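Computed from a predicted model, the values in this text were never measured in an experiment. In the text below, chain A, chain B and the rest are named by the order of the sequence lines, each starting its count at 1.
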There are 4 protein chains.
Amino acid sequence: MAKPKSEEKRNAIMAAATRVIAAQGLGAPTATIAQEAGVANGTLFTYFETKADLINELYLELKTEMATTALDGLRESADLRKQAFHVWKRSMNWGMASPEKRRALCQLGVSDEITPATRSQAHQAMAPVAELMERIRADGPMRNAPMSFVVAIMESLSETTMDFMIREPGNADKHCKAGFDVFWRAVG
Amino acid sequence: MAKPKSEEKRNAIMAAATRVIAAQGLGAPTATIAQEAGVANGTLFTYFETKADLINELYLELKTEMATTALDGLRESADLRKQAFHVWKRSMNWGMASPEKRRALCQLGVSDEITPATRSQAHQAMAPVAELMERIRADGPMRNAPMSFVVAIMESLSETTMDFMIREPGNADKHCKAGFDVFWRAVG
Amino acid sequence: MAKPKSEEKRNAIMAAATRVIAAQGLGAPTATIAQEAGVANGTLFTYFETKADLINELYLELKTEMATTALDGLRESADLRKQAFHVWKRSMNWGMASPEKRRALCQLGVSDEITPATRSQAHQAMAPVAELMERIRADGPMRNAPMSFVVAIMESLSETTMDFMIREPGNADKHCKAGFDVFWRAVG
Amino acid sequence: MAKPKSEEKRNAIMAAATRVIAAQGLGAPTATIAQEAGVANGTLFTYFETKADLINELYLELKTEMATTALDGLRESADLRKQAFHVWKRSMNWGMASPEKRRALCQLGVSDEITPATRSQAHQAMAPVAELMERIRADGPMRNAPMSFVVAIMESLSETTMDFMIREPGNADKHCKAGFDVFWRAVG
DNA sequence: CATGAATGAGCGTTCATTCAT
DNA sequence: GATGAATGAACGCTCATTCAT
């Protein structure tokens, strides 16, 4: 192995893609991403065979990072509401801390380029969250709704809340709390 | 703009754009839209100066149509919950009846091409709904949250619900009701 | 029809392709061909969907033109040898008069891009020549060989002869005659 | 060039190039050739400065191998016709035994990448064949034609014949004989 | 106004060649 | 010398937009 594919360069491309896609959407040229990453045009394609591949891997990575961050430090012994709030708060914080990742993730999520396989992997990353939802749902007003519905509601409420927190960072904490209350009233 | 050359042709283009964008996303070529509309390539540009213009007008028209449909037949004297359910149900029905419009609206909503001006006009179309929300919010658990937050939550919950109704048309009514209950618990 | 696809422009592209391919081979950029034809880059693709299409159509056109030229004025009542020489001579003249067409045809002929369908159409254009060969073969030393072998031999001898005529235009007539004699000795 | 680093590796590349070019034409990526040869991408360029160099050397090697094979075992004392048939037959056998070499040689022969210098070296490899032709020509019907013409005719007839032998291996011997008869009638 | 050919900037991707390891 | 990642020019093709008819 003469020059191993550098993890560093791969990361630079991912980070550049995040920034560029956040700013310009999925139509962003691969050339721009490469430039922003400080590598040549063609180098991007030694790390990702295809633009679609890059997009899929980025989606998965961001989603996974968000899930991991949200779950970090969760005590499963705690009260369900506390656990839910832990996840909720950490999700919000992740989005607030990396608005570009958040924005990119948003754009990626609605793209047709994301394959079912990728979506399913993303689901797996969210599995512990889904399990938590499951336990919450079981005793709450949505006990008769399908779990996927509950998860979808959680996600959409959390996206909406995050938007407001970013839009008015001064009231971020307030919105965070209010959003969670909405969620808890709906599901908990 | 005010007096387009042929209302009929304009409508054909709008309808074609709805179908094509629903199917292929915003990357769809204007040529495809024109063809689907049964007009020539260049004709599209006598009705819409720019692809972005078309997209903006389509967004506004769909959003407005949805709002109008949702509000149609609303009795302002009725119980708030009943009014809310009226709006909710009619929104869902609109989406179920025109899945292409729904899907197109979704794609358009997340596009960067939609200008703030267009978004603000869309808000105006939703104004009566917003007023209803306002009255609901005033006495409910969200009385201290900004109204735009309440509206955003309503929209995101309604989109999520619609997705599930379309995905499982057999349980459409059940999901419609469940979604509304979530909303009402959250805000009402 | 606002602006019909101009036969003139199509011809300009074909002619340009002939020149450019003769000079640079099949690797020639479509952009160069377009430029040489005096049209825009993209215009080429309104006349030929694909570079491969252009190549196929050019091959067919050149081959057909050569066959037509070779057969023009042929008197079927004449002595077989005379007929053969008529075809032979006119083929050579066509190549001498348009060395670029000749060279392009050569390059095209060996390309993998030429589809079987195109080759078969080209064969049809050569059908009258093949019929003549058939009659010649029937009474000659190759009466037991497959006709396609005879045709192939004629073609390869005629290509070789043409090369020499172009290389030494001063002796063109002599080479033309000598080549024909070879052919006639072989087959006639 | 004189003392390549590893004769073995060089041969592997040449063999790989033969196979790959036979299959995919001259457009084949050097990377593919390297892979097929079991060496790295860049290694190819320590053995051949340039893709064009590789192509030229391969052309020369194949042509030389073919000439050598054809001449092997030739008895100069024999009857001219016998000698000619010896060469003819061995040429055909070489092509039949290594269809990939044959096919590659064909593709290489028509390439613009082959330099005049290479072509002239190839001519030298064929010199003994040319001498034989010379002696045949001197007393035959082509006694007044340039020798290069005779050689060219021999080559084109032999290529045509080989094509037919490969296409119908069942009749290979018959075609081989028929082709030679054509040649002998033409020149002998 | 309607048409559709013309335009050319722009895109994703390939590939011969270079060079750090 | 061998490796394979890095490079960037080049290519075929697309498409929003213009304009002659």
Item to check | A:Ile55 CD1 - E:dC11 C1' separation (whole Å) | outcome: 13 Å
Checklist entry - The side chain of B:Thr43 lies closest to which of these nucleotides: E:dA5, E:dT3, F:dT18? => result E:dT3
Next on the checklist: I'd like to know whether CD of C:Gln35 has more than 12 heavy-atom contacts from other residues, nucleotides or ligands below 6.0 angstrom.
Outcome noted: no
Checklist entry - So what's F:dC15 paired with, Watson-Crick or G-U wobble, going by both distances under 3.5 Å? => result E:dG8
Checklist entry - Rounding to a whole Å, what distance do you find between D:Glu49:CD and F:dG1:C1'? => result 16 Å
Item to check | For atom CD of A:Gln35 and atom P of F:dA9, their distance in whole Å | outcome: 12 Å
Checklist entry - E:dA5 phosphate, OP1 or OP2: any side-chain N/O from C:Thr46 under 4.0 angstrom? => result no
Checklist entry - Touch check for C:Thr50, heavy atoms < 4.0 angstrom, all strands: base, sugar-phosphate only, or nothing? => result sugar-phosphate
Checklist outcome for this item: Testing E:dC11, E:dT13, F:dT18 for proximity to the side chain of A:Thr30, the answer is E:dT13
Next on the checklist: I want to check something: taking the side chain as every heavy atom from C-beta on, are D:Glu7 and D:Asn11 in contact at a cut-off of under 4.5 Å?
Outcome noted: yes
Next on the checklist: Under 4.0 Å, counting only non-hydrogen atoms across every strand here, what does B:Phe48 touch: a base, just sugar-phosphate, or nothing?
Outcome noted: nothing
Item to check | Rounded distance (Å) that lies between atom P of E:dA16 and atom CD1 of D:Ile21 | outcome: 11 Å
Item to check | Value in whole Å for how far the P atom of E:dG12 lies from CG of A:Asp53 | outcome: 14 Å
Checklist entry - Thinking salt bridges, do B:Arg103 and A:Asp112 make one under a 4.0 Å N-O criterion? => result yes
Checklist entry - Under a 4.5 Å cut-off applied to non-hydrogen side-chain atoms, are A:Thr46 and A:Thr43 in contact? => result yes
Checklist entry - Taking CD from C:Gln24 and C1' from F:dC11, how many angstroms apart are they, rounded to a whole number? => result 13 Å
Checklist entry - So which one's nearest nucleotide on DNA chain F is more toward 5', A:Leu44 or C:Asn41? => result A:Leu44
Checklist entry - Any idea which of E:dA2, E:dT17, F:dA6 is nearest the A:Lys9 side chain? => result F:dA6
Next on the checklist: Could you tell me how far apart D:Arg10 (CZ) and F:dA2 (P) are, to the nearest whole angstrom?
Outcome noted: 13 Å
Item to check | B:Leu26 vs D:Val39, nearer the 5' end of DNA chain F by closest nucleotide | outcome: D:Val39
Item to check | D:Ile33 CD1 to E:dT17 P, straight-line distance once rounded to whole Å | outcome: 11 Å
Checklist entry - From E:dG12, F:dA16, E:dA16, pick the nucleotide closest to the side chain of A:Pro29? => result E:dG12
Next on the checklist: Check this one for me: any side-chain N or O of A:Lys5 less than 4.0 Å away from OP1 or OP2 of F:dG4?
Outcome noted: no
Next on the checklist: Distance to the ring centre below 6.0 angstrom and angle to the axis at most 45 degrees; does that hold for B:Arg10 and B:Phe48?
Outcome noted: no
Checklist entry - Within the structure, does a side-chain N or O atom of C:Tyr47 lie under 4.0 Å from either OP1 or OP2 of E:dA5? => result no
Next on the checklist: Tell me whether the count of non-hydrogen atoms from other residues, nucleotides or ligands lying under 6.0 Å of CD in D:Gln24 goes above 12.
Outcome noted: yes
Checklist entry - Can you tell me the Watson-Crick or wobble partner of F:dT3, both distances under 3.5 angstrom? => result E:dA20
Item to check | Sugar-phosphate only, base, or nothing, as touched by C:Ala28 at under 4.0 Å among non-hydrogen atoms | outcome: sugar-phosphate
Checklist entry - Does A:Gly27 or D:Phe45 map to a spot on DNA chain E nearer the 5' end, using the closest nucleotide for each? => result A:Gly27
